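Heads up: the structure comes next, in structure tokens.
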Amino acid sequence: MAGNQLGKTLAGGFEAAIHATGLYPAWWTGHRFAGPTVGWAAGVTGETVRESVQRVLMGRHTDVGTGAIPQATIVDYTAARGVADLMDTIEVRHVSGGTSLITLKSYEKGREKWQAETLDWVWFDEEPHAKIYTEGVTRTNATKGLVWITFTPLKGMSDVVKRFLLEPSADRHVTTMTIDDAEHYSPEERARIIASYDAHEREARTKGIPVLGSGRVFPVVEEMLREPQPVIPKHWARICGLDIGWDHPTAAVWLAWDRDTDVIHVTDCYRVREQTPVVHAAALKARGPWIPVAWPHDGLQHDRGSGVPIAQQYRDHGANLLGEKASFPDGSNGVEAGILELLDRMKTGRFKVAAHLNDWWEEFRLYHRKDGQIVKEGDDLMAATRYALMMLRFAQTEPKPMAGLMDYRMPGVV
């Protein structure tokens with residue numbers, strides 16, 4: 001998932017070529033097929049397949065054999081109907097002595113053209129419709145094969161993007177690439193390219209971040225927030241926000257508040273699903289057992305087995321939860337009020353986030369609205385950040401060491 005003209009199609013095409021030829025580089029740590037393969041390489045239309053997929057695999061139609069597939073391994077190819085100079089199938093000599101087959105496909109012919117075949121691999125260049133993506137995956141079930149997609153996420157939070165970004169699985173992985181990773185551009189060329197795009201598409205076309213447009217909850221340029229991991233002075237006040245989950249992850253975010261400048265720094269985060277309070281409490285204590293923890297109304301719910309409120313279970317395991325659920329000083333706890341305060345801080349330079357907190361940045365980029373309402377998916381760290389901000393008045397500085405046992409519980413904590 002990357003910006004435009006950064007090399008994603010080139011990467012996808014070379015993977016298709018090595019699976020077809022068996023000419024794996026020495027550094028290749030991915031899957032290796034032992035013999036010839038049958039695969040589909042696809043794009044949006046016949047014309048775009050010819051200009052992207054086919055060009056990368058075979059070279060331009062006037063210079064066949066200059067692409068990712070070495071000319072010496074090309075056995076034969078056939079022409080497709082309806083689109084000038086478009087190939088239909090490519091036969092490739094495999095190092096084992098057999099012949100691999102690559103068929104070029106397009107999405108425009110519909111789902112029905114993606115049925116029946118059994119394949120070793122499928123390469124989608126640009127994002128397919130969810131139904132076509134599913135058919136492509138299905139074609140590899142019997143062979144336990146591979147599917148990869150190379151695309152710029154201009155469709156926003158589509159069903160395919162959601163599957164990869166919001167539905168964690170050991171069988172799926174996302175590699176992202178931004179224009180800053182494309183070292184064939186000079187800094188001046190990068191700046192010119194970035195400035196050439198419309199503001200609402202800039203992050204998708206240069207960073208591979210899904211287009212959310214006016215639907216973004218925080219329409220703020222990342223560079224305004226990003227900072228190196230700060231060294232936290234003793235006089236900065238600390239607080240943690242906790243979002244409680246099971247099916248969705250339990251998440252925690254640690255804030256350090258410089259009262260002199262009224263700047264909040266996000267210094268750490270934690271996100272783990274399907275674990276018990278004892279595990280999460282250990283993670284909270286490891287960052288500083290004295291740091292107060294803000295928590296939501298979910299903490300008042302009783303465990304079905306023990307009948308003990310969830311918040312109390314955290315306390316019983318040594319977590320320093322505040323004595324009341326998260327709320328603003330006036331007693332309210334509205335989501336929109338928290339969002340507005342965060343947004344105000346972001347736009348005025350009073351909210352900074354450590355650059356290395358990849359999980360936090362991932363949620364920040366995808367936090368969006370649909371039909372005016374905030375989408376409650378993949379927002380665990382965003383919620384934890386909001387709870388910590390709501391209870392910022394209870395933030396504490398690190399206590400001085402004392403002889404003997406220390407009670408880390410702070411005002412407002414029971």
Side-chain angles (χ1 to χ4, degrees), residues 1-3 153 156-157 165 174 176-181 187 190-191 194-195 197 199-233 236-243 251-271 287 291 294 335-369 374-375 378-392 395:
M1 189 165 68
M157 289 299 290
L165 296 182
V174 179
T176 57
M177 181 182 182
T178 75
I179 194 169
D180 294 320
D181 299 312
R190 291 192 192 106
I194 292 170
Y197 294 126
H200 71 282
E201 289 188 338
R202 192 166 293 157
E203 290 197 322
R205 292 192 181 275
T206 63
K207 296 183 180 181
I209 298 173
V211 168
L212 300 177
S214 60
R216 290 195 67 176
V217 173
F218 298 122
V220 179
V221 177
E222 287 185 16
E223 284 67 24
M224 292 182 63
L225 313 182
R226 190 182 296 272
E227 68 173 358
Q229 176 68 18
V231 176
I232 305 173
W236 284 11
R238 309 285 298 282
I239 193 167
C240 173
L242 174 69
D243 185 46
V253 172
W254 284 263
L255 307 183
W257 180 25
D258 180 358
R259 289 189 176 107
D260 295 333
T261 61
D262 192 26
V263 175
I264 292 173
H265 302 261
V266 178
T267 61
D268 203 352
C269 67
Y270 165 90
R271 187 176 62 182
R287 270 77 166 185
I291 298 175
V335 173
E336 292 295 344
I339 295 297
L340 288 175
E341 184 166 343
L342 275 169
L343 187 57
D344 179 65
R345 283 186 168 275
M346 291 177 182
K347 289 186 173 182
T348 56
R350 295 179 296 131
F351 189 86
K352 302 293 182 181
V353 183
H356 72 283
L357 300 179
N358 295 328
D359 288 344
W360 194 96
W361 287 109
E362 174 189 273
E363 287 195 13
F364 170 80
R365 291 165 182 159
L366 302 177
Y367 201 30
H368 68 289
R369 300 176 187 270
I374 293 175
V375 176
D379 64 340
D380 311 286
L381 292 169
M382 295 299 99
T385 303
R386 193 174 70 252
Y387 299 142
L389 180 67
M390 291 165 67
M391 299 296 273
L392 192 62

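Only heavy atoms go into these numbers, but all of them, side chains included; no hydrogens, no water, no symmetry mates. Since we're looking at a predicted model, the values are computed, not measured.
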For the residue pair [X] and [Y], what are the closest heavy atoms and their distance?
X	Y	answer
Ala354	Pro230	CB-CD, 4.5 Å
Pro233	Val231	CD-O, 3.1 Å
Ala2	Pro153	O-CD, 4.0 Å
Gly208	Met1	O-CG, 3.4 Å
Arg287	Cys269	NH2-O, 3.7 Å
Ala251	Ala384	O-CB, 3.9 Å

Side chains of [X] and [Y]: closer than 4.5 Å at any heavy-atom pair?
X	Y	result
Thr267	Leu255	no
Trp360	Thr385	yes
Val266	Phe351	yes
Ile179	Arg205	no
Ile374	Arg369	yes

Please walk me through it: do Val253 and Tyr387 pass side-chain contact (heavy atoms from CB on, under 4.5 Å)?
-> CA-CA 9 Å; Val253 172; Tyr387 299 142; over 6 Å; no
When you measure from the side chain of [X] to the backbone of [Y], do you find a donor-acceptor pair of N or O atoms at a distance under 3.5 Å?
X	Y	result
Lys352	Met224	yes
Arg190	Thr206	no
Arg386	Ile339	no
Glu203	Ile209	no

From [X] [atom1] over to [Y] [atom2], what is the distance, rounded to the nearest 0.5 angstrom?
X	Y	atom1	atom2	result
Leu392	Arg259	CG	CZ	8.0 Å
Ile264	Ile239	CD1	CD1	9.5 Å
Trp254	Ile291	CH2	CD1	8.0 Å
Phe218	Arg345	CZ	CZ	12.5 Å

With Tyr367, the side chain to side chain contact (heavy atoms under 4.5 Å, CB included) member among Val217, Val375, Leu381 =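 The single option meeting the side chain to side chain contact (heavy atoms under 4.5 Å, CB included) with Tyr367 is Val217.
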Please name all residues satisfying side chain to side chain donor-acceptor pair (under 3.5 Å) with His368, sequence neighbours left out, ordered by chain then number.
->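 Partners of His368 under the side chain to side chain donor-acceptor pair (under 3.5 Å) test: none.
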Residues two or more places apart in sequence or in another chain: which of them pass side chain to side chain donor-acceptor pair (under 3.5 Å) with Arg226?
->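 Side chain to side chain donor-acceptor pair (under 3.5 Å) list for Arg226, sorted by chain: Glu222.
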With side-chain contact (heavy atoms from CB on, under 4.5 Å) as the test, would you mind laying out the steps for Arg365 and Leu165 before giving the verdict?
-> CA-CA 11 Å; Arg365 291 165 182 159; Leu165 296 182; over 6 Å; no
Should the ring pair Phe364 and Trp361 be called parallel, tilted or perpendicular, given that the plane angle runs from 0 to 90° and is split at 30 and 60?
->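 The rings of Phe364 and Trp361 stand perpendicular, inter-plane angle above 60°.
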Only counting residues at least two apart or in another chain, list the ones meeting ring pair (Phe, Tyr, Trp, His ring centres under 6.0 Å) with Trp236.
->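 Applying ring pair (Phe, Tyr, Trp, His ring centres under 6.0 Å) to Trp236 gives His265.
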After noting the C-alpha distance and the side-chain angles of Asp268 and Leu357, does the key distance pass the side-chain contact (heavy atoms from CB on, under 4.5 Å) rule?
-> CA-CA 7 Å; Asp268 203 352; Leu357 300 179; 4.2 Å; yes
Could you walk me through whether Met382 and Asp243 pass side-chain contact (heavy atoms from CB on, under 4.5 Å), step by step?
-> CA-CA 9 Å; Met382 295 299 99; Asp243 185 46; over 6 Å; no
SB check Arg271 Asp380 (cutoff 4.0 Å) =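 Result for this pair is no, no salt bridge flagged.
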Stepwise, does the salt bridge (Lys or Arg N to Asp or Glu O under 4.0 Å) test hold for Lys207 with Asp180?
-> CA-CA 8 Å; Lys207 296 183 180 181; Asp180 294 320; 5.9 Å; no
